[in-house]
Structure formats: structure tokens, C-alpha cells
Amino acid sequence: MSRTHLITGAGSGIGLALARALRERGDTLVLPVRSQERVEELRGEFAEPGLVVLDLARTDSLPEAMRQAHLPGRIDTLVHAAGVVELARLGDSAPEAIRSQVDVNLVAPALLTRHCLPALRRTRGSVVFVNSTAGSVANAAWSAYAASKAGLRALADSLRAEEAEGGIRVTTVFPSRTATRMQARVHEQEGRDYDPDRFMSAESVAATILHVLDLPEDVTIPEVTLRSR
Ligand SMILES: NC(=O)c1ccc[n+]([C@@H]2O[C@H](COP(=O)([O-])OP(=O)(O)OC[C@H]3O[C@@H](n4cnc5c(N)ncnc54)[C@H](OP(=O)(O)O)[C@@H]3O)[C@@H](O)[C@H]2O)c1
């Protein structure tokens, strides 16, 4: 039976690889993107009305934006793949960079999950949080990003405990460095040359998420960590 998947961050990288794989199956996709301009850019790839505008950095207006987006009443899968990173030591971090990482990587997933819970309960659906190995080990210059991801893990753990009885499965995926636009930017911020061949692909992370979404009804994977071979 065709399933409905709501995936953030489907405009590039891991979210895009996942959305493409699910589209191949003929499933229904709902893809929040940050602006109408992004809707226009992604129209060639994904058909409307699946593309909806939700700027995940604007957490103050997100609850109202979600109401206006008329998200489906039944959702089988909610995947949080959107994310941002700005490397800097805390003392050098711009306040708005700290805030935007916490907003996009933590507050928005909390608000979106909260909004979608009734629709997920109807299907006994799955929520997948794309976290990061930085969510469990925080190195220098990664403070705001790592803090946002550590918080995201806690959010997932709490949600899993709260919704287990209602049948919602919650999984946190911890990829290490993955060859995407984000990783190219991280290398730029680290002042290093970027060679995508050194890292696992977005498709490999997406394949792991697909595996989680395709699990038999009687089993769940709470957490999975991915490392390059
Ligand atoms: N790449 C890695 O090495 C790595 C490692 C571990 C974990 N992760 C995590 O994996 C997830 C996916 O990242 P990626 O590597 O695939 O990076 P990516 O290619 O940069 O994709 C990030 C996505 O997030 C979206 N996004 C950012 N800010 C947004 C906003 N305000 N509103 C709506 N959407 C927004 C972007 O939209 P636009 O296209 O409009 O910018 C983009 O589609 C992230 O959560 C990241 O933290 C990545």
C-alpha cells in the first residue's frame, strides 16, 4: 500500500536521496522547503502539491506556517533530515549562528513532530531523526551544532518513551561525515580540501533510513550509527 512520507531537507543531500528512493516506489511525498523560490527550483524534481513552504529557521512563525500548509491527516513517516552547521569556537560564534543551528536542528524538529503526532498516531507511523556523530561526541568548534544534535537525541529518546504505547516507532540515525553539500561547507570552514570520495554517500545513509522504514511491524531500531568503511 502506498505510504505518505513527510521529509525535511529533501532539497539536497541525504533528504534528497531518500525522497528520490521513495518516489521510485510511487509513495506520496510531502516535502517542506524553506521558500517559494526553493519550491520553484525543485518543481522539476518533485511534483507539487507535495512541495510546501516551511522555513525551519523561523521557529516563532512555524506553528502558524504548519497550520497553513495543511499537512496530511495521516502520515506514515516523518523524517527530519534538514540541518545546518556553522563551525566556530563558542567565543567566536555569532549569536545568530548559535540560534539558527539550535532552531533548525532542534526546535523545528520538536515543533514539526508535535504538529504531526495525531497524523502519525493514526498510522502507528515512524519518526526518524537524522542526527550526527557530533550529537554524542562534541569536538572543539562544533559547540552549537553538537549541542543541537545532543538535544535532538534527547528529544528522540523522550518521544520514543512517550509514544511507544501508541505504536509510533522512533529512530535516531547518527551518520559520520557524508559526501553532501554540508560536508563540502564543513571542509571550507575547516580550511581543508574536500574530496567527496573519502566519505560515505547520501544514498548509503538513505538506504539505512529505508531499511528502518521497511522493518517488520514487530521490531524497531532505536538508534543506528554509520561510519565510512
Ligand atoms: N553531511 C554530513 O557529513 C553529515 C554528517 C552527519 C549528520 N548530518 C546531518 O544530515 C542531515 C542532512 O544533511 P546533508 O548532509 O544532507 O546536508 P545538505 O545537503 O546541506 O542538506 C540540508 C538540507 O536542510 C535544508 N534546510 C536547511 N535550513 C533550512 C530551513 N531553514 N528550512 C528548511 N530547510 C532547511 C536545506 O535546504 P536548502 O537546500 O534550501 O538549503 C537542505 O535541503 C542534517 O541534519 C545534518 O546535520 C550530515
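All values below come from the heavy atoms of this structure, side chains included, with hydrogens, waters and symmetry mates left out.
- Remark: Asp214 engages Arg3 in a salt bridge, criterion side-chain N to carboxylate O under 4.0 Å.
- In the hydrophobic cluster analysis, where Ile, Leu, Val, Met, Phe, Trp and Tyr join through side-chain heavy atoms closer than 4.5 angstrom, Phe174 is grouped apart from Val104.
- Here the rule is side-chain contact (heavy atoms from CB on, under 4.5 Å) with Val173, and of Asn131, Thr225, Leu226 only Leu226 fits it.
- Grouping the Ile, Leu, Val, Met, Phe, Trp and Tyr side chains by contacts below 4.5 angstrom, directly or via other members, places Phe199 apart from Met182.
- Between Ser158 and Glu162, the side chains place a donor N or O and an acceptor N or O closer than 3.5 Å (distance only, hydrogens not considered).
- Between Arg177 and Val186 there is a side-chain heavy-atom pair separated by less than 4.5 Å.
- Side-chain contact between Leu117 and Leu159 is present, with heavy atoms from C-beta onward closer than 4.5 Å.
- With Thr171 contributing its side chain and Ile221 its backbone, the two residues share a donor-acceptor pair below 3.5 Å.
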For the pair Arg124 and Arg169, evaluate side-chain contact (heavy atoms from CB on, under 4.5 Å) and give the outcome as yes or no after the intermediate values. CA-CA 8 Å; Arg124 296 170 64 83; Arg169 294 184 279 190; over 6 Å; no

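- A distance-only check finds a donor-acceptor pair linking the side chain of His187 to the backbone of Gln183 [under 3.5 Å].
- Between the side chain of Thr178 and the backbone N or O of Ser201 there is no donor-acceptor pair closer than 3.5 Å.
- The backbone N or O of Ile75 lies less than 3.5 Å from a partner atom in the side chain of Thr123, making a donor-acceptor pair.
- Contact check for Thr180 versus Ser12: no side-chain heavy atoms found under the 4.5 Å cut-off.
- The shortest side-chain heavy-atom distance between Leu29 and Arg23 falls under the 4.5 Å cut-off.
- The same ILVMFWY cluster, assembled from side-chain heavy atoms under 4.5 Å apart, contains both Val224 and Val130.
- For the side-chain contact (heavy atoms from CB on, under 4.5 Å) test, residues two or more places apart in sequence or in another chain that qualify with Leu42 are Val33, Arg38, Leu51.
- Listed for the Gln101 side chain is a donor-acceptor partner under 3.5 Å among the backbone atoms of Glu86.
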Applying side-chain contact (heavy atoms from CB on, under 4.5 Å) to Trp142 and Leu87, what does each step give before you reach the verdict? CA-CA 6 Å; Trp142 287 79; Leu87 296 192; 3.4 Å; yes

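- Ion pairing between Arg153 and Glu223 holds under the 4.0 Å rule for side-chain N and carboxylate O.
- Rounded to the nearest 0.5 Å, atoms CD1 (Ile168) and OG1 (Thr113) are 9.5 Å apart.
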Does His115 form a side-chain contact (heavy atoms from CB on, under 4.5 Å) with Arg67? I'd like the steps, not just the answer. CA-CA 9 Å; His115 183 86; Arg67 269 191 293 278; 4.3 Å; yes

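- Leu210 and Val128 end up in the same hydrophobic cluster when Ile, Leu, Val, Met, Phe, Trp and Tyr side chains are linked at under 4.5 Å.
- In summary, the side chains of Thr59 and Asp103 do present a donor paired with an acceptor at a separation below 3.5 Å, with no hydrogens or angles considered.
- In this structure the side chain of Ser126 never reaches within 4.5 angstrom of the side chain of Val212, judged on heavy atoms.
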Does the pair Leu22 and Ile7 meet the rule for a side-chain contact (heavy atoms from CB on, under 4.5 Å), with working shown? CA-CA 10 Å; Leu22 290 168; Ile7 305 167; 3.8 Å; yes

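- Between the CD1 atom of Ile14 and the CZ atom of Arg181 there is a distance of 11.5 Å, given to the nearest 0.5 Å.
- Within 6.0 Å of CZ in Arg99 there are 12 or fewer heavy atoms belonging to other residues, nucleotides or ligands.
- Between the Arg160 side chain and the Val170 main chain, a donor and an acceptor come within less than 3.5 Å of each other.
- Taking 4.5 Å as the limit, every side-chain heavy atom of His5 sits out of range of all side-chain heavy atoms of Val79.
- Between Ser35 and Asp55, the closest side-chain pair of non-hydrogen atoms is not below 4.5 Å.
- Heavy-atom neighbours of Arg198 CZ from other residues, nucleotides or ligands within 6.0 Å: at or below the threshold of 12.
- By the neighbour-count criterion of 12 heavy atoms within 6.0 Å, atom CZ of Arg192 is densely surrounded, having more than that number from other residues, nucleotides or ligands.
- Remark: Asp193 CG is loosely packed, at most 12 non-hydrogen atoms of other residues, nucleotides or ligands lying under 6.0 Å away.
- The pair Glu203-Arg20 does not count as a salt bridge, with every side-chain nitrogen at least 4.0 angstrom from each carboxylate oxygen.
- Put simply, CD1 on Ile98 and CG on Leu90 are 5.0 Å apart, with the number rounded to the nearest 0.5 Å.
- Of the inter-residue distances, the one linking Thr4 atom OG1 with Asp27 atom CG reads 7.5 Å to the nearest 0.5 angstrom.
- Both Ile209 and Val219 belong to a single network of hydrophobic side chains, linked directly or stepwise wherever heavy atoms of I, L, V, M, F, W or Y lie under 4.5 Å apart.
- Under the 3.5 Å distance criterion, the side-chain polar atoms of Gln68 are left unmatched by any main-chain donor or acceptor of Glu64.
- Not counting sequence neighbours, the partners of Pro109 by the side-chain contact (heavy atoms from CB on, under 4.5 Å) test are His80, Phe129, Leu152.
- Around the CZ atom of Arg43, the shell of radius 6.0 Å holds more than 12 heavy atoms that belong to other residues, nucleotides or ligands.
- A donor-acceptor contact shorter than 3.5 Å is absent between the side chain of Asp76 and the backbone of Gly125.
- Note that CG of Leu120 is 8.5 Å distant from CD of Glu163, once rounded to the nearest 0.5 Å.
- Side chains of Leu71 and Leu112 form a contact here, defined as non-hydrogen atoms less than 4.5 Å apart.
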